[in-house]
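All remarks here apply to the structure that follows.
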Amino acid sequence: MIRQAIEVKMKTALWAMLLKYLLPIILFIGLLFGSAFMVLMMADQLFGGKNSTLEEGTANVSQNVLKHKSTVEKYAKEYKVSEYVSVLLAMMMQESGGKGDDPMQASESLCGTVGCISDPEESIEQGVKYFSEMLKQAKGDLKTTIQSYNFGGGFIGYVEQNGGHYSKELAISFSQKQYEKLAHTGLYSCIRSESLATNACYGDVGYVDAVLQYYDYTLPASGKGDWSFPIKGLKSITSGFGWRTWSDGSKENHKGIDFGCINHVTPIHAASEGEVVYSGFHKNKNGASGYGNLVILKHGDNLYSGYAHLSEVNVRKGESIKSGQNIGVCGNTGNSTGPHLHFEIKESKWSNHLNPTTLLGL
C-alpha cells in the first residue's frame, strides 16, 4: 500500500511539473510558428509574390498588377479594347510588375521622355490609349501591336512593307536598323543576350514573347453540356446558328456558331475526343474561298466537329485527339470578315449540320 501511495505521488508530481514548465514551452512554440505563417501569408498578399489567375484564366499576373484591374477595365472600355484587358495586364506585368507611379511605362508615348507620368491612373489611361492606337494601325494584328508598344508605331509600317505579319525575325531586323541610326546617342543598350549577338539593341526584340508568357493558355472551360468549349475563357458568340441577314438584305444559312478570338494568339481546342479526318486549307468546289485552314474531327459513326478559319493547324489527318487538346490557333483565313472561330457539329463530314449549343450547354 505504501509503495502504491508513493507511485501515485510521484506520477502526480511529474504531471504537475509537465503542466507547469513543458506545456507553456509547447504553447509558445506553436504560437511562434503560427504567427510566422500568418506573416508570410500577409506578405504574399501585400507584395504579390504569388501569381494569380483572373476569373476567366486569361492572365497570370501578380497581386500588384491585379490591384489595377478595375482601372484597366475602365479605360479599355473607354477606348474600345475591352476584349484585350488580360493582354494589357500581361503587358503591365512585363513593364513594371504593377509597381511604381507609371505601371504601364507610358511616359515616352505621352511626352517623348521617361518620367513625365507620376500618377498610376494617368499611366494606365495613356498606356491603354496608346495600345488602342497601335492596334488600329496594325489592323488588329495583336503581336505587331504588342511589339509596337515597345518599339513605337514605326514598326507597323515596317511590318506592312515586309509581308504584313509579325515575326521575331522582323522585330530583330527592325531593331538592328534603328540601332544603327541611333547608337551614337548612347540612349540604347542590349538588354538581352540575343540582342547583343545580333546587334539588335533598339528596344526589346523579345518583348512579345515576354508579354505572352503571362497570358494563360490552359485547357478550355467546361460548360453545362457534354463537350468543353473550343476556346478558353472567351465565350462571346459573334454569330449564332441558323439563318442570318446581311446588311445588303441577302440571307445565309449559318451552319455553325462563331466565337470571337484574337488572331494568331488564341489557342483552339478539341471540344471532345476524336480522330482527325481533315486537316488543311479548304476551298469551295468552284475554287472560291471556303473555310480556310480547317480541322474536322470524327467523334463517332454520325458525329463530327469542325474548326474553321484557323491561322495555324497543329494536327495531322489520322491523329487521335483528346478532349481539350490544342489543335490550332485562331485566325482569319478563307471566307472570313475578321478573326474568329467558326465551330460546327454535324452528322457527316460535310453535311447534316446541327446546332452546337446543345452539346456545349449554352
Side-chain angles (χ1 to χ4, degrees), residues 44-110 117-150 207-208 210-218 220-221 223 229 231-238 258-267 330 338-341 362:
D44 181 68
Q45 292 295 318
L46 287 171
F47 300 107
K50 183 178 179 180
N51 287 348
S52 296
T53 303
L54 299 184
E55 294 102 30
E56 292 192 340
T58 51
N60 289 321
V61 293
S62 70
Q63 291 292 334
N64 282 320
V65 171
L66 285 179
K67 70 182 181 182
H68 296 296
K69 180 189 172 189
S70 61
T71 307
V72 172
E73 289 176 332
K74 170 185 172 181
Y75 289 109
K77 182 177 180 180
E78 179 177 335
Y79 292 104
K80 297 179 173 56
V81 289
S82 292
E83 65 268 40
Y84 297 100
V85 166
S86 58
V87 176
L88 289 161
L89 291 172
M91 291 171 66
M92 184 190 294
M93 185 67 188
Q94 172 61 22
E95 291 287 347
S96 68
K99 301 176 182 178
D101 295 330
D102 187 6
M104 289 298 292
Q105 298 292 292
S107 291
E108 286 187 89
S109 66
L110 177 65
I117 292 179
S118 57
D119 177 66
E121 182 161 349
E122 182 184 4
S123 171
I124 292 169
E125 179 179 10
Q126 174 59 24
V128 174
K129 178 183 177 182
Y130 187 64
F131 173 86
S132 69
E133 292 171 352
M134 295 297 99
L135 184 67
K136 185 176 181 179
Q137 291 181 34
K139 299 176 182 177
D141 186 335
L142 181 63
K143 290 186 178 180
T144 297
T145 301
I146 293 174
Q147 189 65 66
S148 297
Y149 190 91
N150 178 259
Y207 188 73
V208 171
V211 167
L212 292 181
Q213 72 176 315
Y214 300 112
Y215 200 85
D216 184 17
Y217 297 135
T218 54
F229 285 95
I231 287 185
K232 170 65 182 179
L234 301 170
K235 305 181 190 69
S236 57
I237 296 178
T238 57
D258 293 345
F259 291 91
C261 56
I262 300 174
N263 197 16
H264 297 286
V265 173
T266 307
C330 170
H340 71 283
L341 170 69
L362 293 171

For the CD atom of E83 and the CG atom of L135, what is their distance to the nearest 0.5 Å? 7.5 Å
How would you list, by chain and number, every residue that makes a ring-ring contact (aromatic ring centres under 6.0 Å, His included) with H264, sequence neighbours excluded? H165
Could you list the residues that satisfy side chain to side chain contact (heavy atoms under 4.5 Å, CB included) with N150, not counting sequence neighbours? Q147, D204, Y207
Suppose we screen for ring-ring contact (aromatic ring centres under 6.0 Å, His included). Which residues come up paired with Y75, at least two apart in sequence or across chains? none
Looking only at heavy atoms, what is the nearest atom pair of V85 and A76, with distance? CG2-CB, 3.8 Å
Nearest 0.5 Å please: distance from the CD atom of Q105 over to the OG atom of S96. 6.0 Å
The ring-ring contact (aromatic ring centres under 6.0 Å, His included) partners of Y130 (sequence neighbours excluded) come to Y149
I'd like to check F259 versus T238 (side-chain heavy atoms, cut-off strictly below 4.5 Å). Are they in contact? no
Does a side-chain heavy-atom distance below 4.5 Å link L142 with N263? no
Taking side chain as C-beta onward, heavy atoms only, is I124 less than 4.5 Å from H68? yes
CE/M104 to NZ/K129 distance, rounded to the nearest 0.5 angstrom? 14.0 Å
Let me see the working for M134 and Q137 under side chain to side chain contact (heavy atoms under 4.5 Å, CB included), right down to the final yes or no. CA-CA 5 Å; M134 295 297 99; Q137 291 181 34; 3.6 Å; yes
Quick one: closest heavy-atom pair of P103 and P120, and the distance? CD-CA, 3.8 Å
Which residues share a side chain to side chain donor-acceptor pair (under 3.5 Å) with E122, sequence neighbours left out: none
What closest approach, in Å, do C261 and I231 show between heavy atoms, and which atom pair accounts for it? CB-CD1, 3.8 Å
Short side-chain donor-acceptor distance under 3.5 Å, E125 and Y79: yes
Does some side-chain heavy atom of E95 sit less than 4.5 Å from a side-chain heavy atom of M92? no
Sorted by chain and residue number, the side chain to side chain donor-acceptor pair (under 3.5 Å) partners of S109 (sequence neighbours excluded) come out as Q126
Return the set of residues passing side chain to side chain donor-acceptor pair (under 3.5 Å) with D102 (not counting sequence neighbours), or none when no residue passes. S107, S123
I need the I237 CD1 to D258 CG distance, nearest 0.5 Å. 9.0 Å
Minimum-distance pair of heavy atoms, taken over all atoms of L89 and V61: O-CG1, 3.7 Å
Quick check: closest heavy atoms across V81 and S132, and the distance to 0.1 Å? CG1-CB, 3.8 Å
What ring-ring contact (aromatic ring centres under 6.0 Å, His included) pairs are there with at least one residue in residues 83-105, not counting sequence neighbours? Y84-F131
List the residues meeting salt bridge (Lys or Arg N to Asp or Glu O under 4.0 Å) with E121, not counting sequence neighbours, and say none if there are none. K74
Who passes salt bridge (Lys or Arg N to Asp or Glu O under 4.0 Å) against K139, sequence neighbours left out? none
Hits for side chain to side chain donor-acceptor pair (under 3.5 Å) against T145, two or more places apart or cross-chain, chain-then-number order -> none
Atom CD1 in I146, atom CG in L212: separation rounded to 0.5 Å? 4.5 Å
T144 and D141: which non-hydrogen atoms are nearest, and at how many Å? OG1-OD2, 3.1 Å
Rounded at 0.5 Å granularity, tell me how far OG in S86 sits from CD in E73. 10.5 Å
